[in-house]
Amino acid sequence: MSANNEIDYGTPASSSANQVTLEIDGHKVTVNAGSSVMRAAAEAGISIPKLCATDSLDPFGSCRMCLVQIEGARGYPASCTTPVAEGMKVCTQNDKLASIRRGIAELYISDHPLDCLTCAANGDCELQDTVGQVGLREVRYGFEGENHLDSEKDTSNPYFSFDPAKCIVCSRCVRACEEVQGTFALTIDGRGFDSKVSPGQNQPFMESECVSCGACVQACPTATLMEKAVIDNGVPEHSTITTCAYCGVGCSFKAEMKGEQLVRMVPDKNGQANHGHSCVKGRFAFGYATHKDRITTPMVREKISDPWREVSWEEAIGFAANKLKGIQAKYGKDSIGGITSSRCTNEETYLVQKLIRAGFGNNNVDTCARVCHSPTGYGLKSTFGESSGTQTFDSVMQSDVIMVIGANPTDGHPVFGSMMKRRLRQGAKLIVVDPRSIDLVSNSPHVKADYHLKLRPGTNVAVVTALAHVIVTEGLADEKFALERCDVESFGKWKTFVALPEHSPEAVAELTGVPAETMRAAARLYATGGNGAIYYGLGVTEHSQGSTTVIGIANLAMATGNIGRDGVGVNPLRGQNNVQGSCDMGSFPHEFVGYRHVSDSQTRMQFESAWGVTLSSEPGLRIPNMFGAAIDGSFKGLYVQGEDIAQSDPDITHVHHALRELECLVVQDIFLNETAKFAHVFLPGSSFLEKNGTFTNAERRISPVRKVMTPLGGKEDWEVTQDLSNALGYPMNYSHPSEIMDEIAALTPQFAGVSYEKIDEMGSIQWPCNDETPDGTPIMHADHFVRGKGRFMLTEYVATEERTSSKYPLILTTGRILSQYNVGAQTRRTENVAWHEEDRLELHPHDAEVLGISDGDWCGVKSRSGETVLRALITDRMQPGVVYTTFHFPHSGANVITTDNSDWATNCPEYKVTAVHVAKVAQPSAWQQEYQDFSDNQLSLLENRIAVNE
Amino acid sequence: MQDYQTQKPTVLEILNTHQAMPGNLLPILHGIQDTLGYIPPAAVVDIAKALNLSQAEVHGVISFYHYFRETPPGEHTIRICRAESCQAMNGKVLETHAKQQLGIDFHETTADGIFSLEPVYCLGNCACSPSITIDDEVMGRVTTEKFDRLLATYKGAK
C-alpha cells in the first residue's frame, strides 16, 4: 500500500477498443469491454468494498466482500470477477448487501488482533478502511475461539517483516509474487482454517526463493507484510515522484517522507517504465544515501600520502582551480581532462563536458559508458543512424520471439526482467545466447529457453554471423523490408558475405561450442516466429569485437524486418541509471551533445556561439588513453565526477599506476571511493535524493529526479561544477537545472521539445522529442531509418588475442547479480549484503574436480595481468573451461585480472574474456595484501583528517 | 529420517518416467509417496526443478492434500473414516478406541514405528460402516473388538 490515497480500481484496465454502457446504482457508465463491474464502478467514482482485489493483479474473487446484485442475475456475484455487459443494471449497495458484507467482515475480525491504534499500518490499512466502510459494530463470535493470533512473526528479511497474526489470507502477496514479479516464491500452505501464507516450503523469507522485490509488501492490504522502516518510523506524511538511481530501467518511485527523512521508496503505479513494480535495490536499498560513510565537507591535500584537510567549499574549489590552471600553464592545455558519470543527471553530465570543452579548452572528456555501452553507440549509429535502443520496454509484451544475448535481465534489469518473464509465460519463445545458464534458461518458474546457445566467451560474432548465414541461405530474410528500407548495395554485399560456407553453423560449431543444429533452429525461430526482438547487454559489448557484434545484431534485425514497430527491435539493456543520458549529453571525446562529431564545423560553430568560446575540433583522450598519457607524463590533472575508475576499469594495477602519476586528481563523490584514495581534492557529491535533474533510461525515457532533502554537503552536484568552472575563469550562471535542460534543448535536435514543464506534464518523455514528435518517440525508425536507409555492414570474426594456453587454460568472464550494483559503493552500504557478502569464483563441477577445488575453497586466479584470490562456488550454470565472477567488492580484485584488450572501434574493455589459471591457495594474493595496506592507510588518513577551522 | 541422497535416485527416476506427461505433478507426488512412503521435503527442490515450478508451488500442492505426508509413516497406515455414515455407526467410539489402543493422535506414528493413524473422509464403503483401511486394504463393520484383532494380526505379522 502507499500512503497517499491513490484510487485502486480493483482490477487491471481492459485494453479492448470496444465500449460497453451499463447502469450502476442508477448512473449510466461507459467503459472498455472486458472491464470488471468493480472497475467500471470505480471509474464512475463508486467504491465497492474489497479486500482481495487490487488493480495490479488479476481478479481472484476470494474475499467475497465486493458482492453486488445484478438485475436478472441470480445470487450475489463478486464484482471483481464479473465482466461488464451492455445494458447490465448493477446495484452496489442495499440492506441485503450491507448485511452480507458485515457478516464477512465480522468473520475476518473475529480472527484479527484488535491493536489498530498501535499497529504499524494504522491509517494505511485496507482492512481498517473496508471494515469501516461496511459499518461493522459488533463481533458476535467473540475472540476466544481458535485463532491465529499467536503465530510467530518472521523478521528474517532485513527490510520487511511478515506477521501471520495479521494475515487475512487474501492471497494478494502470493499472486503479486507470481503475476508481477514472476518468482512464485509464495504459496498458501494447508487449507481451510489452517491456510497460511508460506514462503517456499514454509521457510523464513530469507531462506526461501524470495528475491525481496517488495511486490508482496506492496500488495498486502494489512500490516502483515510491512516495511520495517514504517514499523520503526510510522506512516510517511508526504511523497514526491522521482526516478531510481540504480539500473538502466529507470523505475519511477514515490519517495515517501517524514519531513526530510526518507521513510520508504514505493514504486509508482503510473511509472511508464515500471508500472508499479520494483526490485530489491530501488525499493529498499537506499540506506546508503544517509550512511555514516558519506563525506559532507570538502577536503584537500598536497600529496596522497598526506592526511586530508577539511576546508570550506571556496577553498576546495580554489585549490582545485589553481592546481588545474598551474598544470595547464606548465604542461599545456591538453594535460588535463575529466570523466562524467552515468550515475549523475543529464544536466550534471552536460555541465561537466561543457566545463571541459569550454573551460579546460580541450575535448579530454570521457564517461564510464566507455567501459560498457560505447560499442552500442558506434554499432547502432553506423547501421540505423542513432546511438540508442529502438523500442519502449512495453514493446516486449508484443514480442513473439525474444532473443537475449549476453544479458541477464532477471539480475541486471530485474523490473524489465519481470515484464519479459510475464510475456514468456504468455507463450513467447525464448532464445538465450550466453556462456552461462542464466536464470531465464531454466531457473525461472514457468519460463524456459527454447534454445540456449551456450557459446564460448569471445565467439559472439561467429554465432551472430552464423545465424545470419542460416537466414540468408535458407531464404528466410524479409527481402521486401530490406530492399525498401535499407541500402540495397550493402544488403547485397552482406548477403554474399554471410552466405560464405565458412560462416555456416557447421563451420563454426567447434569454435563457438554451440551445436550447428541449435544455431540453425534458433535462426529459423527468430526469422519466422512472428515479432522478433533482440535484447542484449554487456556480454555483447565488452569484447574486442563488441562493436562488430552490435552491428551483427542490427543486421539480423534489418534482414528479418524486425525493426520499426511494436514487439521487435534491437534493445541494449543499459547498465547504469543514466548511461543513455551520459552518452546523449556529449560525454565522449569526439562528440558534442546529440552524437555530433567535434570535427563537424557547423555543429562546432553552433556551440561556439552558444558558449562564447573557441572549441577544439580534435577529439580528446578516451579513458584508457588518459591512463596511458598519465603514465607517459603528458596528462597530469583529472576531474572525476561520480565514477570509481580505480575499481571498475580493467587491468587495475595499470589504472592505479596512472592515478599515482597525476599531480591533481579531483574527485566528486558521495563516498571516499577507491578512486578518491588517490585524490588531492575531494568535493562532496549529492545523492539522487538531494538534487533536481533528469535521468534517461535504456528506452530513451527522460524521467525527473527530484530533490526531497537538502544536500548533506550543502551543494547539488551541478552547483559544484559551476563553481569550479567560475573559479577556472569560464563563467556559468545557472540558478536551476531546468535552465541547463533549456540550453540542452536549444542545442540538440533530439531534445528540442524537452523541458521541465513538459516532463512534469507527461511524467516522462522518450527522445527524440521535437516539432515532428512533440510527445516523444516510443518506437524508433518506424517509417524510415534515422540515417535514411539502414546500412548492412560486414562482420568478419577475428578471434581475440586473449587466448587460453597451457599456462592459462580457463576463460574468466564477469557479470553482476541482483542484490549488488556495480562497484557496490552504494549497495555494500545497505542490508543487501545479506544476500551477497563477497564475490565468488563460479566454476563447473568438472573443472573443480580436476583442480581439486571444493565449494568454499580459496582459489588463486591468475591472468597475464595479475592475480587475485576468491572463494569457489561450484555450479553447473557454468560450462567446463569457463569461470565467472562478479566485481562488487574492491578487495575481490576482479579487475586485477582483466586485461587491457579492448573493442577495436571504441576501446570498450574486454571484461568478458580473460585467460586464467586457477589453483587452490591458502592466502590472499600479493595484490590483495598490497591493496589492503594501501586502503587501510588511506582510511586512516581520512580518519585523522584535520578538521575545518571556521 | 533417511538421508535424502539415498532416496534421490528413486525420485529422479519417477520424475523421469512422468516427464512428458501433461498434468504430471500429482502422479509424481503419488509415485514418490507410494515408493518411499512419504515425500521428503528435500525432494521438492528436484521436483520443482524438473517441472519448472517453484518450490513454493510444489509445497502448496503437497500441503493442500492431507493424503500427502512429508515425514516417514509407520510400517502400516491405519485410516479411520470420519464421514457421515461411519459417524452414524459408532465411528466416533472406534476413533477414540483406536487412539487409546495405539497411544497416539491422528497424524502420529506409534513409538515402535509400526502404525500411523490418519483420518479419512469416506472410503465409499458406507453400507459396511464404520470403515477403515490398513495400508491398501478396506475393512468394514469395524467394531472395537475387530479393531483390536486386526491390530494383533498386523503386529503378529511382524
Side-chain angles (χ1 to χ4, degrees), chain A residues 154 162 169 171 173-211 213 215-216 410 418 421 424-425 427 430 437 439-450 452 875-877, chain B residues 1 4-5 7-9 11-12 15-16 18-26 28-29 32-33 36 38-72 82-83 105-108 118-122:
Chain A
D154 171 10
F162 170 52
V169 202
S171 293
C173 54
V174 177
R175 289 145 62 208
C177 193
E178 296 178 356
E179 295 173 26
V180 179
Q181 165 59 23
T183 294
F184 295 75
L186 302 179
T187 187
I188 300 294
D189 177 279
R191 58 154 89 174
F193 187 77
D194 297 329
S195 300
K196 175 180 175 293
V197 170
S198 152
Q201 296 175 254
N202 218 346
Q203 295 157 299
F205 267 85
M206 276 307 270
E207 287 168 30
S208 74
E209 297 148 305
C210 167
V211 294
C213 68
C216 57
T410 55
S418 287
K421 285 196 288 186
L424 291 167
R425 291 198 302 275
L430 174 65
S437 298
D439 278 356
L440 280 179
V441 171
S442 64
N443 198 31
S444 298
H446 306 279
V447 167
K448 214 175 185 97
D450 295 275
H452 179 200
T875 165
D876 56 11
R877 278 171 178 270
Chain B
M1 213 180 281
Y4 177 63
Q5 285 313 312
Q7 300 167 322
K8 191 169 170 144
V11 170
L12 294 184
L15 286 169
N16 205 24
H18 293 82
Q19 195 64 56
M21 181 189 202
N24 51 6
L25 178 57
L26 283 176
I28 285 168
L29 295 176
I32 295 171
Q33 180 149 318
L36 300 175
Y38 69 112
I39 302 162
V44 169
V45 178
D46 289 321
I47 301 168
K49 199 173 167 142
L51 304 188
N52 204 18
L53 299 170
S54 71
Q55 292 164 37
E57 287 176 289
V58 177
H59 175 75
V61 172
I62 295 172
S63 68
F64 183 82
Y65 294 105
H66 292 151
Y67 178 81
F68 292 131
R69 52 183 306 146
E70 295 185 284
T71 51
R82 301 181 74 190
D105 206 340
F106 281 134
H107 312 300
E108 291 179 354
E118 299 290 339
V120 68
Y121 295 85
C122 198

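Residue numbers begin at 1 in each chain, while the letters A, B, ... track the order of the sequences.
Interface remark: of the candidates A/Gly192, A/Gly200, A/Ala185, A/Cys177, A/Gly200 forms the most heavy-atom pairs closer than 4.5 Å to chain B.
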Dump the table of donor-acceptor contacts under 3.5 Å between chain B and chain A, or return none if there are none.
| unit_1 | atom_1 | unit_2 | atom_2 | d |
| --- | --- | --- | --- | --- |
| B/Pro41 | O | A/Gln201 | NE2 | 3.0 |
| B/Asn52 | O | A/His446 | N | 2.9 |
| B/Asn52 | ND2 | A/Val447 | O | 3.0 |
| B/Ser54 | OG | A/Phe184 | O | 2.5 |
| B/Gln55 | N | A/Glu209 | OE1 | 3.3 |
| B/Gln55 | N | A/Glu209 | OE2 | 2.6 |
| B/Ala56 | N | A/Glu209 | OE1 | 3.2 |
| B/Glu57 | OE1 | A/His446 | NE2 | 3.1 |
| B/Glu57 | OE2 | A/His446 | NE2 | 2.7 |
| B/His59 | NE2 | A/Asp189 | OD2 | 2.4 |
| B/Ser63 | OG | A/Gly190 | N | 2.9 |
| B/Phe64 | O | A/Arg191 | NE | 2.7 |
| B/Phe64 | O | A/Arg191 | NH2 | 3.1 |

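Residues B/Ala56 and A/Phe184 share a closest heavy-atom pair of CB-O, 3.4 Å.
The part of A/Val447 that comes within reach of chain B is its backbone (N, CA, C, O), which places non-hydrogen atoms under 4.5 angstrom from that chain.
With sequence neighbours excluded, the residues satisfying ring pair (Phe, Tyr, Trp, His ring centres under 6.0 Å) with A/Phe162 are A/Phe205.
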